[in-house]
Number of protein chains: 2
Amino acid sequence: MAAVNLKQLAKILDLSISTVSKALRDSHEIGDATKLRVLAKAKEMDYTPNPFASGLRRNKSKTIAVVVPEVANNYFALAINGIERIAQENDYHVLIYLTHEDIEKEKGIMKHLENKRVDGVLMSVTMNTNNQTHLSDFQQKGIPIVFFDRICHEIETAKITTDDYISGINATKHLIENECKDIAFLSLGDDISIMQKRKSGYLEELLKNNMEVKRERIIKCGNDEEINYNLVKKLLSGKNKPDGIFASVEKLAITTYQVCRELNINIPNDIKIICFSNLETASLLSPSLSTITQPAYNIGKTAAEVMFKYLDKNKTYIPNENIVLQSTLHIRESSQHIV
Amino acid sequence: MAAVNLKQLAKILDLSISTVSKALRDSHEIGDATKLRVLAKAKEMDYTPNPFASGLRRNKSKTIAVVVPEVANNYFALAINGIERIAQENDYHVLIYLTHEDIEKEKGIMKHLENKRVDGVLMSVTMNTNNQTHLSDFQQKGIPIVFFDRICHEIETAKITTDDYISGINATKHLIENECKDIAFLSLGDDISIMQKRKSGYLEELLKNNMEVKRERIIKCGNDEEINYNLVKKLLSGKNKPDGIFASVEKLAITTYQVCRELNINIPNDIKIICFSNLETASLLSPSLSTITQPAYNIGKTAAEVMFKYLDKNKTYIPNENIVLQSTLHIRESSQHIV
DNA sequence: ACTATTTACGCAAACGATGTAGTAATATTA
DNA sequence: TAATATTACTACATCGTTTGCGTAAATAGT
């Protein structure tokens, strides 16, 4: 029942605690015969070191934290998948924390992690993280952070993103090529970098095509589904509605689908839609949804790999580095002009 | 940079370490004036107790583990959401482990958790967990397990499930009411209890309606997408195909949709489909997908609540208890007979 | 053969927090 | 007033590992 510890092992083997400990860690100080004897007995007695004792002594937790806005989201779920994979390979444990897009919760979580519970943090900030003092404070404590997707430029560290700007351009270009004359952009807040980049791409492409940039075509959505629904409904109600929608995140495209259904707006005849999404069922929607799909799994995997690259070397300082992975455009029915 | 500890705090306050420790834990042994002084200084110096030291001393990790087959799955993602919520409320941390339906990985993870890294484990077993010795061994170490959804009957503890048997009956009944004469059941393995229950409901309802139970209509799918695809394709190819599909899990319904698309089979005209699913976009699919939706968030929440009920009392033994939450039937186009 | 070096192990001090037992000083009671 | 109880604190052992240092014995070097 109670876990066996070094002391008991040592007594049975008639060795000192330190000898057993060193033998288990394969120290050169211990003779081969003794090592084998210890190893065998340890296995037999099912010894596993107490993580708290060794964590305390070595100041290493063998644990990383993942801080994300949500998990019931295909993008983050896939990223976590990638992270967990690499963590298991490195014999690390993964703590998960959800901010639910609440900056205060994010601050609280970081505060909680300041003691050396984790060796590093992989994070995607909330849509409202426009101030990064809680993050730089955290870094000051000597725990490295690696950002993925929703990064924080001001913090010096590694950042894994996708080519949001280019994707923003491509998505917009695609809509224009499919005869859209009046494209709206559905943003999720406007504090975070990915939104700014996606929007920049959108704006850039509009300008390039001499299309008017209208303030009211940029809809700032948020975390409240109902408010978003009403914002989109307002956008699509009445005569003066756009003929193209570029949704910056999956859920806003879903909302748009629902609104269109309610208002009897036909996609893609009346309005065309494209969005950033990792939805597995995009091709099964009615109509099938055109997406810019991010390599979510690889983003998570890469973030974890970068983290371990430094943790392995016992480096708590990670220099600035921008790793950009490519998203892929999946053109489906929702954005195509029917000739 | 380095975290401040009790010793430093004590020195600055000119008190002993134990006084400071007790003051922070609001012990009755310490005077009110001193308590306030300590609290103020601790806050000022941003003191947070070292989790390893206190974990070691108190033999409490303030951490629970969640062991699930996958996270990129709406059901588990929502359940994790519920779990995380309750954990945060209880000031607990959540470790996450993915088995990817691999029983060996599950065993390895449990082995890893046997040292007192966590105070409890919430888990949904893999589809291949037909042997529970690694779980009973784990329990023997004095760490409680609570199962949710994919439970293990043989282990004595609390189990949170949904009314799978009734839902199986209801789903099948619904298909029969919609003129299905030949219903296939897509199973995910057949080791785990939810599959057995869902299948029992299916079989029961067939019998009740004097419908023939054919062995070849029960398709045992697995973890490999490609194999599943081919199994479903084979089922739906040729003349002698079923006119109804009851998919035990979401992904098998998605596969069926894809196969139908490839084979040009019309849903619901040629074949009707219903499945267990927490897919947000079920209503936006083409055709919209009829589902039995489990209260995933609440299942996770309940599992966590039960766990904390015992952890709070420092009980490591959780007696058998079956908590059954109700799923809801959402009838949409995919299963409806068009008159 | 006598000193250096290596080998193989044990001792004991950390790591930081907790809690029991002990101790002065003050307060309460008979 | 003396015995007892209470208050407010401190000292110290403890949790299980790790690791620097010490040390005997064995080996090597000259």
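Letters go in sequence order (proteins before strands), and every chain restarts at 1.
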### Message
Under the rule for ring-ring contact (aromatic ring centres under 6.0 Å, His included), what residues qualify as partners of A:His134, not counting sequence neighbours?
### Response
none
### Message
Just the rounded figure in Å: distance from P of C:dA17 to CG of A:Asn115.
### Response
10 Å
#### Entry: Residues which pass ring-ring contact (aromatic ring centres under 6.0 Å, His included) with A:Phe308, listed by chain and number, not counting sequence neighbours
A:Tyr92
### Query
Start at the 5' end of DNA chain C and walk down; is the nucleotide closest to A:Ser16 or to B:Leu56 reached first?
A:Ser16
### Query
Taking atom C1' of D:dG16 as reference, at what distance in whole Å does atom CZ of B:Arg117 sit?
14 Å
### Query
How many Å lie between CD on A:Gln8 and P on D:dC15, as a whole number?
11 Å
### Query
Relative to A:Tyr310, does A:Lys313 satisfy both conditions: NZ or CZ under 6.0 angstrom from the six-membered ring centre, and within 45 degrees of the ring's axis?
yes
### Task
Starting at atom NZ of B:Lys7, determine the distance to atom C1' of C:dC15, rounded to an integer number of angstrom.
9 Å
### Task
Taking only the side-chain heavy atoms of A:Ile30 (C-beta and beyond), determine which of C:dC9, D:dT17, D:dC9 contains the nearest atom.
C:dC9
### Query
Between the base of C:dT20 and the side chain of B:Lys22, is there any donor-acceptor pair under 3.5 Å?
yes
### Task
Measure the distance from CD on A:Glu29 to C1' on D:dA24 and round it to the nearest whole Å.
15 Å
### Message
Please check: side-chain N/O of B:Gln132 versus main-chain N/O of B:Glu154, any donor-acceptor pairing under 3.5 Å?
### Response
no
### Query
Atom CG of A:Asp26 and atom P of C:dC9: how far apart are they, to the nearest Å?
13 Å
### Task
Please identify each residue that fulfils side chain to side chain donor-acceptor pair (under 3.5 Å) with A:Asn320, with sequence neighbours left out.
A:Lys159
### Task
Classify the nucleic acid contact of A:Ile17 as base, sugar-phosphate or nothing, counting any heavy atom under 4.0 Å across all strands shown.
base
#### Entry: Set of ring-ring contact (aromatic ring centres under 6.0 Å, His included) partners for B:Tyr97, sequence neighbours left out
A:His93
### Message
Strictly below 4.0 Å: does A:Thr34 bring a side-chain N or O up to OP1 or OP2 of C:dA8?
### Response
no
## Note on the structure
Those residues at least two apart in sequence (or on a different chain) that pass side chain to side chain contact (heavy atoms under 4.5 Å, CB included) with B:Thr34 are B:Leu15, B:Thr19, B:Ile30, B:Val38
### Query
Within the modelled atom types, does a donor on one side and an acceptor on the other bring the side chain of A:Ser18 and the base of C:dC11 under 3.5 Å apart?
yes
### Query
Rounded to the Å, how far apart are A:Lys35 NZ and C:dC9 P?
10 Å
### Any residue of residues 45-55 of chain B with a heavy atom less than 4.0 Å from an atom of DNA chain C
B:Tyr47, B:Pro49, B:Asn50, B:Ala53, B:Ser54
### Query
Nearest-Å distance, NZ (A:Lys11) to C1' (D:dG16)?
15 Å
